Amino acid sequence: MAVATAPSLNRHLLRRVSSSFSKVKKRRLWLLPAGDSNLFNSRRNRDSHLLVFASSPSPLSSPTDALTAESCVNTGLDLFKRGRVKDAIVQFETALSLDPNPIESQAAYYNKACCHAYRGEGNKAADCLRVALRDYNLKFATILNDPDLASFRALPEFKLLQEEARLGGEDIGDSFRRDLKLISEVRAPFRGFRKFFYFAFSAAAGISTLFTIPRLIQAVGGGDGAPDLLETTGNAAINIGGIVVLVALFIWENKKEEEQMVQITRDETLSRLPLRLSTNRVVELVQLRDTVRPVILAGKKEAVTVAMQKADRFRTELLRRGVLLVPVVWGERKTQEVEKKRGFGASSKAAATSLPSIGEDFDTRAQSVVAQSKLKSEIRFKSEIVSPGEWERWIRDQQIAEGVVPGEDVYIILRLDGRVRRSGKGMPDWAEISNELPPMDDVLSKLER
């Protein structure tokens with residue numbers, strides 16, 4: 001489960017690991033000298049991005065151990081990993097009542113928010129995150145990047161919290177724009193050099209024009225020693241023409257950069273859209289990168305239904321190409337039911353199936369071969385969107401950018417890296433798509449990742 005940490009660390013996880021003192025399997029313990037004022041300083045594991053809370057001995061090792069905020073947070077995380085979400089919330093609330101230091105408070109509020117998000121309690125999750133942001137220096141990027149909060153980010157409470165953070169001075173927009181500019185520079189690596197070239201030569205032409213204008217005035221006036229009028233006029237025309245061309249090119253480059261950043265923004269928004277797999281697991285599209293090629297079918301219910309039925313005829317070929325159907329029916333904004341999982345009446349099997357990424361680090365999940373294999377086993381041919389309003393808004397923005405009338409039936413095919421491959425009006429020709437897309441084990445698919 002993710003945990004907010006010290007101000008200098010934007011994204012870490014709090015993890016219990018074993019030691020000789022602990023009776024719980026697979027738990028390591030990093031010990032620091034008793035009374036050390038830096039007891040809760042963060043440390044990074046070489047193989048993951050995990051924050052380890054030092055503790056001696058483990059809070060679960062003996063019922064007589066004195067309660068501390070640290071031990072309650074660790075106990076809460078352990079309970080959460082075992083699916084006892086309600087008990088974990090009690091532990092985090094207990095930690096907050098034991099005069100915790102700022103780091104412990106941040107961890108308790110953040111993990112408590114994750115518990116509420118897991119239970120579908122958007123208001124309570126937002127309240128905890130609001131306190132962590134306002135009072136304990138939680139970075140909003142942590143909330144944006146934590147897959148454990150994917151379901152929360154699909155709720156209206158998240159949008160309200162995001163706007164409050166922006167108005168409150170949280171560095172959301174500036175940092176986001178910096179990220180966009182970095183991505184833009186990667187996609188167009190020579191744009192900065194070209195802009196510098198245009199600026200430098202425009203400045204040189206401007207300086208030359210400043211010297212040419214007095215000569216031109218003198219040439220027009222005539223008299224002894226006056227420069228040749230035709231030659232001077234030609235020089236001035238060349239300088240002014242160069243300035244006009246170079247400035248126009250500079251403005252054009254800025255415009256292309258802004259257009260590219262708008263497209264990158266749409267790609268980033270798309271990557272954060274949530275959907276529900278056939279196993280009832282809620283994930284964001286970014287978590288499916290390199291694994292599937294989502295095909296979004298947006299339109300009236302009748303058109304989408306017919307397209308899905310036709311796709312079934314090519315199911316085998318489409319699965320070989322990693323196609324995942326994502327139907328979006330215009331105007332269908334059903335309230336998503338949040339199922340109660342283990343600890344609230346569901347079976348342990350259901351909890352294990354639907355519990356998304358508890359106790360794991362996002363980077364590890366995203367890069368681990370084992371994690372990718374588990375995710376692949378959950379992916380079937382069809383999925384269900386979460387937060388239909390967000391999906392419709394993105395599709396309509398994409399239609400406007402492509403010059404399509406918003407609200408028309410469209411299909412959008414995504415690449416393995418999450419970007420838009422192509423789109424079109426109406427519903428797709430599945431036979432054509434089967435011939436166009438390479439199989440997942442093909443060299444072209446590997447280059448697409």
Side-chain angles (χ1 to χ4, degrees), residues 1-5 9-15 49-51 73 76-77 80-81 83 85-86 88-89 92 105-134 136-166 170 172 175-176 179 268-277 280-289 336-341 351 354-366 371 375 385-387 389-391:
M1 180 179 181
V3 59
T5 63
L9 302 175
N10 288 343
R11 175 72 169 67
H12 293 289
L13 302 177
L14 189 62
R15 185 184 190 185
H49 302 283
L50 305 179
L51 176 69
V73 169
L77 287 169
F80 191 84
K81 285 195 295 183
V85 183
K86 189 174 181 179
I89 292 176
F92 296 135
S105 298
Q106 188 190 74
Y109 275 114
Y110 185 80
N111 287 297
K112 187 169 178 279
C114 288
C115 289
H116 288 308
Y118 178 74
R119 299 181 66 186
E121 299 168 344
N123 284 326
K124 293 182 179 179
D127 290 340
C128 292
L129 292 173
R130 189 173 287 110
V131 174
L133 285 166
R134 184 185 63 233
Y136 299 107
N137 202 31
L138 174 67
K139 298 300 180 184
F140 204 87
T142 306
I143 303 172
L144 288 174
N145 295 324
D146 190 350
D148 287 339
L149 293 174
S151 58
F152 172 71
R153 288 192 293 271
L155 299 177
E157 289 84 354
F158 168 73
K159 305 303 178 185
L160 179 61
L161 181 67
Q162 188 177 33
E163 183 63 15
E164 289 178 5
R166 185 185 68 81
E170 174 70 21
I172 299 174
S175 61
F176 183 60
D179 293 341
E268 178 65 17
T269 302
L270 174 64
S271 71
R272 297 299 180 187
L273 293 177
L275 53 82
R276 193 187 308 277
L277 303 179
N280 205 36
R281 180 180 181 182
V282 176
V283 298
E284 293 175 332
L285 280 180
V286 67
Q287 294 174 260
L288 302 180
R289 284 181 180 173
Q336 302 293 330
E337 294 292 334
V338 180
E339 295 186 5
K340 302 301 182 181
K341 302 178 178 65
S354 57
L355 184 63
S357 62
I358 291 177
E360 302 172 319
D361 177 71
F362 172 68
D363 294 329
T364 303
R365 280 199 306 278
L375 187 57
I385 62 171
V386 180
S387 187
E390 295 299 315
W391 280 89

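All of these numbers come straight from a predicted model, not from anything done at the bench. Counting from 1, the numbers follow the sequence of the chain as shown. Every heavy atom of this structure was used, including side-chain atoms; hydrogens, water molecules and symmetry mates were not.
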Look up atom [atom1] in [X] and atom [atom2] in [Y], then write down how far apart they are to the nearest 0.5 Å.
X	Y	atom1	atom2	value
R272	F158	CZ	CZ	9.0 Å
C115	L77	SG	CG	8.0 Å
Y109	R134	OH	CZ	8.5 Å
I89	H116	CD1	NE2	4.5 Å
Q287	S271	CD	OG	10.5 Å
L270	E390	CG	CD	12.0 Å

Using only atom types and a distance under 3.5 Å, with no angle test, would you say the side chain of W391 pairs donor to acceptor with the backbone of P274?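 It does hold such a pair.
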Would you indicate whether the side-chain heavy atoms of L288 and L275 approach each other to under 4.5 Å?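 They are in side-chain contact.
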With a 4.5 Å limit on heavy-atom distance, are the side chains of L129 and F152 in contact?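 A side-chain contact under 4.5 Å exists here.
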Which heavy atom of [X] sits nearest to which heavy atom of [Y], and what is that distance?
X	Y	result
I143	L133	CD1-CD1, 4.1 Å
L161	A126	CD1-O, 4.2 Å
V73	F92	O-CE2, 3.5 Å
R276	N280	CD-OD1, 3.0 Å
A113	L149	O-CD2, 4.5 Å

Using the ring centroid of each side chain, check whether Y136 and Y110 are separated by less than 6.0 Å.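 Here the rings of Y110 and Y136 have centres that are no less than 6.0 Å from each other.
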Salt bridge (Lys or Arg N to Asp or Glu O under 4.0 Å) partners for E157, two or more places apart: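 Checked E157 against salt bridge (Lys or Arg N to Asp or Glu O under 4.0 Å); zero matches.
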Electrostatic pair D127:K124 at N-O distance under 4.0 angstrom: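 Salt bridge: no.
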